[in-house]
Every structure is written in C-alpha cells, then in structure tokens.
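I have placed the structure first, in the form of structure tokens, so that the comments after it can refer back to it.
In what follows, every chain begins at residue 1, and chains take the letters A, B, ... in the order their sequences are listed.
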Amino acid sequence: MASIEEEAKSEPESESEALKPAKRRRRPPKAAEVAEDMQKVKISEKETKNTKAKKKENENPDLEEKPKKSKSSPKKSPKKVSPVVKAEPIEEKKNDDEAPVSDSESPSSSEESSLKKPAITAAARKQVQAKLVSGGHSYPDWPTGSPVPYAALCKSFSLIENTTKRLEKLQHTSLLLRQVLRLTPNELLLVVHLMCNKLAADFEGIELGIGESLLIKAIAESCGRAIDKIKSDHNQIGDLGVVAQQSRSNQSTLMFHKPKQLTVARVHDTFLKIAITSGGGAQNGKVSLIKQLLASAAKEGDEAKYIVRALEGKMRLGLAERTIEVALSQAVVTWEQEKSDKKPSLAQLQEAEEILKGVYSELPSFEVIIPALIEHGIYNLRQYCRMQPGVPLKPMLAKPTKAITEVLDKFENKTFTCEYKYDGERSQIHFVSKTSKIDYPKTAVDTNKIDKGVAKIFSRNSEDLSKKYPDILGVLDSWIKPGVESFILDCETVGWDKEEKKVLPFQQLMTRKKKDVIVEDVKVKVCVFAFDLLFLNGKPLVKETLQERRRLMYESFNEIEGQFSFAKAMDGNELEQIQSFLDESIKDSCEGLMVKMLLGSESSYEPSVRSINWLKIKKDYLAGVGDSLDLVVVGAYFGRGKRTSVYGAFLLACYNSSKQTYETICNIGTGFSEQVLEEHYKALSEHVIDRPKPYYSHSTGNTHAPDVWFEPKMVWEVKTADMTLSPKYRAAEGLVDSNKGISLRFPRFLRIRDDKGPEQATNARQVAEMYRKQESVGGGKKGVDDDFEY
DNA sequence: GGTGACTGCCC
DNA sequence: ATTCTGC
DNA sequence: GCAGAATGGGCAGTCACC
C-alpha cells in the first residue's frame with residue numbers, strides 16, 4: 001500500500017504523463033481517429049483476405065451497394081460510392097432511419113411522424129450509413145461452417161469500443177451477427193451470449209465465481225509477473241484487460257509453438273467450466289483454466305483484453321443487451337431478405353426490432369429465442385416465444401422524480417394512481433396449479449413443467465429465488481380465489497414482524513438465508529405486497545390498462561394479513577393528496593411512492609421500456625428535502641474505466657468533537673461530473689499523506705483501506721436516503737451501538753463546502769441523532785417527532 | 001470449527 | 001441503488 | 001430520453017487457511 005501511495009505522490013508529473021496513453025485510450029476517440037482506425041482495420045483485413053484467397057462469397061454483400069458490383073478494389077474512396085449514396089443526402093430522412101443497409105430502395109413511407117426515437121434524426125442515421133458503406137470496411141471472416149474464431153468477435157469488440165456513436169456500435173454488432181448467420185449459424189447463440197457477457201439466461205443462476213483478486217492472480221501467473229506489479233499497473237491503467245494484454249505482449253517469447261487459434265466455442269466452454277468448478281481447490285482450478293485461456297490468446301490483437309474483461313464482468317464496449325437485441329433483429333431480418341436477394345426495408349427492420357424486443361422482454365432467454373429465430377424466422381417469432389409462467393419477464397422500472405410538481409406535469413390531464421413503494425425485494429411470482437386444465441400454447445419453451453404445475457419466484461434481475469422463499473411458494477394456493485389456475489404477479493416482498501404486525505427494515509430482510517431454506521426454520525417472515533398482475537389463467541395481461549390489470553388482481557386474490565396484501569394505493573390527483581400520501585407512506589416505513597398511469601395504452605405493462613410511465617418519489621429525491629451531511633474527505637480510490645487517472649471514489653468521515661477524531665462513515669462514488677472529478681483529483685493530490693492520521697477512526701484490515709489517505713481538509717455536502725448500523729464504518733460508534741458505527745445508504749455527492757473547515761463537518765453526535773430520528777419515524781415508536789418539513 | 005477474503009446479488 | 005454523459 | 005458505465009452499503013455463500 002505504502003509503495004503505491006508513494007508512487008502516486010512522489011512523482012505526480014511523470015506519473016500523469018505515463019498515464020496519458022492509457023487514458024487516451026479510454027476516452028472517446030475523435031472522429032478522425034475513428035476513420036483512421038477503420039482504415040487500418042480495413043487494410044489489414046484486405047491483406048488477410050488476399051492470402052486467404054477466394055472467400056469472396058463470404059464477404060458481406062451488404063457492404064457494397066449491390067452484391068454484384070463489389071468494389072473489392074481496396075480504395076474505399078468515398079467518391080466512388082457517392083453516386084449511389086449521396087443521392088439522398090439529407091432530405092431523404094426517414095427512409096434510412098434504423099436501416100443499416102438501406103441506401104438502396106427503401107419504400108418511402110409516410111410514417112415519418114410515427115417513427116419512434118425522434119431523438120436520432122433520420123439525417124444523422126443517413127450520414128452514419130453513408131460513412132460505413134463508403135468506408136467499406138470489412139469485418140472478420142472465416143471459412144463457412146467452421147467455428148467462429150474468437151478473434152473475429154474481438155475485432156468487432158474493438159471497433160465497437162472505439163466509437164462513441166451508438167449507431168456505429170449497432171452497425172458493427174449487426175454486421176458481425178450477420179456474418180455468423182451466414183457462415184456459422186449454429187454458433188449464433190454462443191456469439192450473442194459472449195457479446196452480452198453472459199453464459200446463459202439469468203434465471204439459470206450460473207456464476208463464474210471470479211473476481212478481481214483471482215483474476216489478478218491468474219494474470220500474474222500466466223505472464224510471469226508479480227501480483228503487486230499487476231496491481232500497480234491496474235491502478236495506473238484502470239483496466240485489468242489492458243493490463244493483461246500488455247503483460248502478455250511484453251512477455252518474452254520463449255515458446256515458439258504458436259497456440260491454436262481461440263474459438264468462440266472454446267472461450268464459452270472454458271467460462272462454463274470455470275463456473276462449475278467448485279469445492280476444495282476450486283480457486284486454483286479456476287485460475288488454471290483462466291491461465292490456459294490467456295496462454296492461447298494471441299499476443300497481438302485484443303483477445304487477452306476481452307477475455308479478462310469478460311471475466312471481470314465489465315466489457316466496457318458501450319454496448320449492452322438492449323443494443324444487441326436491436327442488432328440481432330437487424331441481422332436476422334437482413335439475412336432472411338438476403339436469401340431472396342433483397343434488402344430489408346425500413347419498415348421491415350423496425351418491425352423486426354419491435355418483435356424481438358417485445359419477445360425478449362417477455363421471454364428473456366436467448367437459448368429459446370435464437371433457435372426459434374433461425375428455424376421459424378423473425379416474423380413468426382411471437383408464435384413460438386411467448387410469455388409463460390416459469391420464465392421471468394423483465395420487470396417494469398421507474399424513474400426518480402425531483403419534485404412532486406413534476407408528477408403533475410407528466411401526468412397532466414391523465415388518470416393516475418399512487419402506490420406505496422415498499423422497502424423490500426422486487427419479486428415476480430409465477431404459478432400454475434397442478435390441476436390446471438388450461439391449454440397453454442405450445443411454445444419453444446419446454447412445457448413439461450407446466451403440466452405438473454409451477455410455483456416460482458424471481459428477483460428484479462430475473463434470478464430464481466424459489467429456493468429462498470419456500471414459505472411463500474408453499475401458500476400460493478391460499479391466495480387465489482376459485483377459478484384461478486395460473487398467474488404472474490409483480491410484487492414487493494418485505495420483512496414482516498408478526499408480533500407487531502408491521503414491516504421490517506430492508507437490512508433485516510437481507511439476513512434471510514438463500515439456500516437450503518426450510519420453512520419451519522425461517523427466522524425472518526415476509527409479507528408479499530402485490531401491485532400488478534401480468535398473466536392470468538393462460539392469458540398475458542401486459543397489454544391491458546393498469547386499471548384493468550388491477551381490477552383482475554383485486555378480484556382474483558384474497559388478502560391475508562401478514563402474508564399477502566395489495567400495495568396500498570391512492571387514486572387522488574391533487575398535489576396535496578400526493579404530498580400527504582407520501583408522508584403517510586414514510587410513516588408506514590416505506591421508501592415513498594410509485595406513480596403510474598391508470599388508463600390508456602401508456603398504462604400497459606412495458607417491460608423495461610418506456611419506463612417513464614412509472615415514476616418513483618422518495619423524500620431524498622426532492623430538492624431541499626431529506627438528509628444531507630457535511631463530511632470530511634479522508635481517503636480515495638483510484639478510478640477504473642472512464643475514471644482512469646482520477647480518483648473514482650472517496651472515503652468520508654464525520655467529526656467527533658468529544659474525542660477529536662474523524663470517524664469514517666461511507667465511501668462515495670456518484671454525483672460527480674467528469675470535470676468535478678478532475679478538480680477533486682488536483683485539489684486532493686496536495687493533501688495526500690503516507691498513512692492515516694492517528695486520530696482517524698476506521699476499520700482495520702487491508703480490505704477496507706483506501707488507496708490513498710488525505711489530510712482532513714475538504715468538506716463535502718452529501719445526500720443520503722437512510723442511515724444504517726454498519727459492521728465496517730465507525731461514525732458515532734458507541735453512541736448508538738457499542739460496537740457498530742453508522743453508515744449511509746445510497747450516498748451521493750452534492751457539492752463542495754468551501755465555507756466549512758473539517759471541524760465544522762457534521763458531528764458524530766448529530767449523526768447519532770439523525771439515526772435515532774429515522775428509527776423513531778420508520779420504527780413506528782409513534783409520535784416522537786414525525787414532523788417533516790416539505 | 002472458526003475466521004477472513006472474495007464473490008454475487010439485493011437494494 | 002444514484003448519477004452523469006454522448007447520442 | 002435512452003442506454004451505458006461509473007460508483008455506493010451490506011448481506012449470505014464459498015473457499016482458503018489456521
């Protein structure tokens with residue numbers, strides 16, 4: 001630790017110079033750089049191709065204007081292409097909206113106004129397309145039918161990473177997927193999974209069990225470098241993947257035998273092996289699997305980089321599932337049209353996107369969707385992939401609201417409703433009775449289970465929590481009224497105090513066991529608060545209005561005290577009503593309110609899209625309301641990814657005036673603009689010290705120490721949602737609990753308090769006071785002081 | 001059998 | 001979870 | 001406004017190690 005600190009402060013000059021290259025790499029390249037890069041890629045590609053001989057038919061015809069007129073002549077001079085492309089410079093607008101390949105004849109439609117995403121102008125899209133087409137950049141190529149080389153995927157990753165333009169990212173992604181469809185369609189699923197960086201659908205529960213530590217160990221061993229070296233490189237470069245790649249390319253090339261080319265299949269297979277390695281010696285086993293992969297990675301190129309990033313779970317491509325869905329839909333529809341020598345029209349591309357997004361949101365499993373896509377085509381996809389009890393759908397989310405008036409603005413003249421936002425765990429409960437006689441549509445999903453009944457519960461992120469809540473699943477039968485044979489409910493599961501008949505804090509709910517739970521042994525009882533019904537008796541309800549879904553929910557279920565309730569709702573539309581309902585929700589130990597449209601098409605359940613239709617109000621969102629503290633910056637952590645070369649997070653403390661100590665209270669890493677981060681870095685670098693002051697009270701152990709310590713100088717105003725008793729932080733230790741300090745839930749930076757010295761920071765006594773006040777409100781020791789100032 | 005580091009997943 | 005940012 | 005990527009506290013589970 002000391003060595004790192006010293007490096008950081010002893011030679012700030014050379015250090016920051018050294019950082020430049022790495023930093024540059026992470027910053028969005030300028031347009032010119034992009035163009036240059038593309039050119040490079042293209043040239044090298046051409047070379048490879050020539051050596052590879054023919055393969056001509058493998059080249060993507062869509063890159064040219066017409067398949068036949070392949071301008072295989074290396075010069076991708078824009079002029080050459082311009083006749084075809086420039087024909088529709090700017091006014092051609094919507095024709096090309098969404099169309100990756102559509103320089104040709106998209107039927108000019110009149111639906112301009114109905115196009116979604118007006119934010120991205122058609123003209124902009126047009127330009128991007130023109131650039132891509134005229135650039136004529138090639139993309140990875142391999143023999144038909146042979147395994148997809150991992151290098152091909154990495155090449156696309158690299159292109160994707162090196163542009164900030166979303167349309168270009170989409171384009172590169174879609175091109176690769178098309179190539180896979182054309183050459184090795186049976187590996188499409190693997191490729192898509194690796195792009196999303198998942199091994200399987202979320203509900204399968206496959207975990208790598210690999211984190212930073214093991215990864216560093218593996219890189220060190222694999223490249224023959226010291227672990228500390230890797231760590232300090234990591235601190236400077238801010239990306240373990242880059243560290244691995246550099247380490248590997250610098251590796252003295254002792255062994256001559258060139259490793260066999262990595263394939264997508266092998267990488268995926270090794271990831272799976274890493275995931276299932278468990279028990280004694282598992283860590284060594286995982287490390288050695290990683291080492292094998294790294295050893296097979298080419299020294300040139302980016303294979304090692306992306307392998308490591310994948311294992312770390314941070315691809316940092318600026319590309320994720322949502323964009324991949326779009327790219328996949330475009331790739332498939334283009335591929336389908338290609339078979340009959342046609343190009344997809346704009347309308348077709350849009351329809352495909354809508355279909356795939358819709359299907360994926362209701363059945364988020366590429367394992368099911370991709371085979372169905374290939375076998376039945378995208379326009380038949382809905383028939384084969386439908387919402388189905390037993391498979392979680394993506395939950396609808398909500399946006400934070402900064403003022404209650406914002407709610408009124410958004411929902412002006414609309415009918416809406418407010419519901420309690422319970423502080424628990426989002427749960428999607430699926431049920432099919434064992435005796436159900438409803439004929440469920442045969443879909444691509446295995447329906448055997450349905451025949452035997454279904455009782456499952458899924459988390460917000462589609463993890464299967466059925467093992468955690470046998471106490472809930474065992475009583476589903478008792479919730480339903482006669483005639484209900486199947487359902488999917490959207491709920492919040494909250495800890496429940498049976499004696500006091502009130503909800504328990506989130507922290508208590510979290511102490512429940514997650515595996516091998518036996519109903520009789522459950523310590524933390526729970527109550528389920530249902531707020532939406534997505535599926536009933538064989539029928540999806542997501543297209544219905546909320547009012548209708550709620551009506552069906554109310555009429556299909558029985559409330560059971562302390563076990564199953566409907567979320568408390570209020571349909572009043574006046575500001576005062578909302579305000580007092582919000583106050584009430586907080587007195588009832590809730591986080592605040594959810595606000596939802598009740599009627600109209602916008603009140604349908606749209607998984608993870610158009611989330612603007614739901615709003616959430618919490619008191620700490622509202623400006624000037626909620627708890628804020630003025631805290632002293634005593635330490636910091638080096639930033640990663642886009643925060644490379646500045647501090648990415650900071651350690652804060654409150655002041656204990658009785659003991660004259662600074663007691664740590666939380667880390668903080670959000671609320672900073674990029675500019676503010678740079679300013680903090682500059683300002684704080686002057687206050688770096690070798691070791692913590694003796695009057696700093698912080699957890700012992702390497703794990704909890706920041707990368708650098710500071711003199712107590714800067715004071716920041718920080719906002720928080722809640723205070724918690726902490727096993728790690730020391731604020732107000734002894735004032736509320738003899739062993740535990742207090743920490744903050746959801747801390748975020750508000751602003752610098754130049755006007756305050758460190759000793760004017762929030763005092764430990766004040767922290768304790770705030771904690772007690774919160775307890776008295778949420779804990780329901782009614783009447784102490786529940787006056788909020790709004 | 002206990003502890004601490006690490007990981008994944010809740011928020 | 002919260003927040004910021006480029007498109 | 002979307003989609004993505006920075007980052008927070010803190011719990012149970014797993015494994016290494018004593």
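For A:Ser174 (side chain) and A:Leu170 (main-chain N/O), no donor-acceptor pair under 3.5 Å exists by modelled atom type. Although no hydrogens or angles enter the test, the distance criterion places a donor-acceptor pair under 3.5 Å between the side chain of A:Ser361 and the main chain of A:Gly358. Proximity of a side-chain donor or acceptor of A:Asn197 to a complementary backbone N or O of A:Ala310 within less than 3.5 Å is detected.
As judged by a 4.0 angstrom heavy-atom cut-off over every strand, A:Tyr621 is placed among residues touching the sugar-phosphate backbone only. Contacts of A:Gly313 with the nucleic acid, taken as non-hydrogen atoms under 4.0 Å apart, are absent. A:Lys618 comes within contact range of the sugar-phosphate backbone alone, with a heavy-atom separation under 4.0 Å but no base atom that close. Residue A:Ile665 is out of contact with every strand shown, counting any heavy-atom pair closer than 4.0 Å. Residue A:Tyr637 is classed as having no contact, given no heavy-atom separation below 4.0 Å to the nucleic acid. Within the 4.0 angstrom heavy-atom criterion, no nucleotide atom of any strand lies near A:Lys467. Nucleic acid contact for A:Leu509: none, since no nucleic acid atom lies under 4.0 Å from a heavy atom of the residue.
OP1 or OP2 of D:dC11 has at least one side-chain nitrogen or oxygen of A:Gln507 nearer than 4.0 Å. The phosphate of D:dA6 has neither OP1 nor OP2 within less than 4.0 Å of any side-chain N or O from A:Lys642. For the pair A:Lys314 and D:dG4, the criterion of a side-chain N or O lying under 4.0 Å from OP1 or OP2 is not met. Put simply, A:Arg316 has a side-chain N or O that comes within less than 4.0 Å of OP1 or OP2 on D:dA6. Taking only side-chain nitrogens and oxygens, A:Arg745 never comes nearer than 4.0 Å to OP1 or OP2 of D:dG9. For A:Thr323 and D:dG4, the shortest distance from a side-chain N or O to OP1 or OP2 is below 4.0 Å.
Distance A:Glu674 CD to D:dA5 C1': 11 Å, rounded to the nearest Å. Between the NZ atom of A:Lys165 and the C1' atom of D:dC2 there is a distance of 17 Å, given to the nearest Å. Atom CD in A:Glu679 sits about 14 Å away from atom P in C:dC4, given to the nearest Å. The interatomic distance linking A:Leu167 (CG) with D:dA3 (P) rounds to 13 Å, in whole Å. Whole-Å rounding puts the A:Leu629 CG to D:dG8 P distance at 18 Å. Look at CG on A:Leu677: it is 10 Å from P on D:dT7, rounded to the nearest Å. The distance from atom CD of A:Glu591 to atom P of D:dG9 is 17 Å, rounded to the nearest whole Å. Taking atom CD1 on A:Ile668 and atom P on D:dG10, their separation rounds to 14 Å, with Å as the unit.
When side chains are defined from C-beta on, A:Lys619 counts as touching A:Ile586, because their heavy atoms get closer than 4.5 Å. Annotation: side chain of A:Tyr681 is not in contact with side chain of A:Leu677 (no heavy-atom distance under 4.5 Å).
Judged by the 6.0 Å distance and 45° axis criteria, A:Arg745 is positioned over the aromatic ring of A:Phe506.
The side chain to side chain contact (heavy atoms under 4.5 Å, CB included) test with A:Asp471 is passed by exactly one of A:Val519, A:Asp521, A:Val524: A:Val519. None of A:Glu602, A:Glu606, A:Glu419 except one satisfies the salt bridge (Lys or Arg N to Asp or Glu O under 4.0 Å) rule with A:Lys596; the exception is A:Glu419.
Of all nucleotides in DNA chain B, those with any atom nearer than 4.0 Å to a heavy atom of chain A start and finish, going 5' to 3', at B:dA5 to B:dC11.
For an aromatic pair to be called close, the ring centres must be under 6.0 Å apart, and A:Phe710 with A:Phe650 fails this.
For A:Thr670 against D:dT7, a side-chain-to-base donor-acceptor contact under 3.5 Å is absent.
Comparing D:dA3, D:dT7, D:dG9 by their closest approach to the side chain of A:Asn667 singles out D:dG9.
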- Task: For each nucleotide in nucleotides 12-18 of chain D, reading 5' to 3', give B when a protein heavy atom comes within less than 4.0 Å of its base, S when such contact involves only the sugar-phosphate, and - otherwise.
- Result: SSSSS--

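Taking the ring pair (Phe, Tyr, Trp, His ring centres under 6.0 Å) definition, one finds that A:Tyr420 meets it with A:Tyr422, A:Phe581, sequence neighbours left out. Under the ring pair (Phe, Tyr, Trp, His ring centres under 6.0 Å) criterion, A:Phe749 pairs with A:Phe672, A:His680, A:Trp716, sequence neighbours left out. For A:His234, there are no ring pair (Phe, Tyr, Trp, His ring centres under 6.0 Å) partners, not counting sequence neighbours.
A heavy-atom distance below 4.0 Å to DNA chain D is reached by these residues of residues 721-729 of chain A, ordered by number: A:Thr724, A:Leu725, A:Ser726, A:Pro727, A:Tyr729.
For A:Gly648 and A:Lys410, each mapped to the nucleotide of DNA chain D holding its nearest heavy atom, the one lying further toward the 5' end belongs to A:Lys410.
The residues A:Glu325 and A:Lys357 are annotated as not salt-bridged, no charged nitrogen and carboxylate oxygen being separated by less than 4.0 angstrom.
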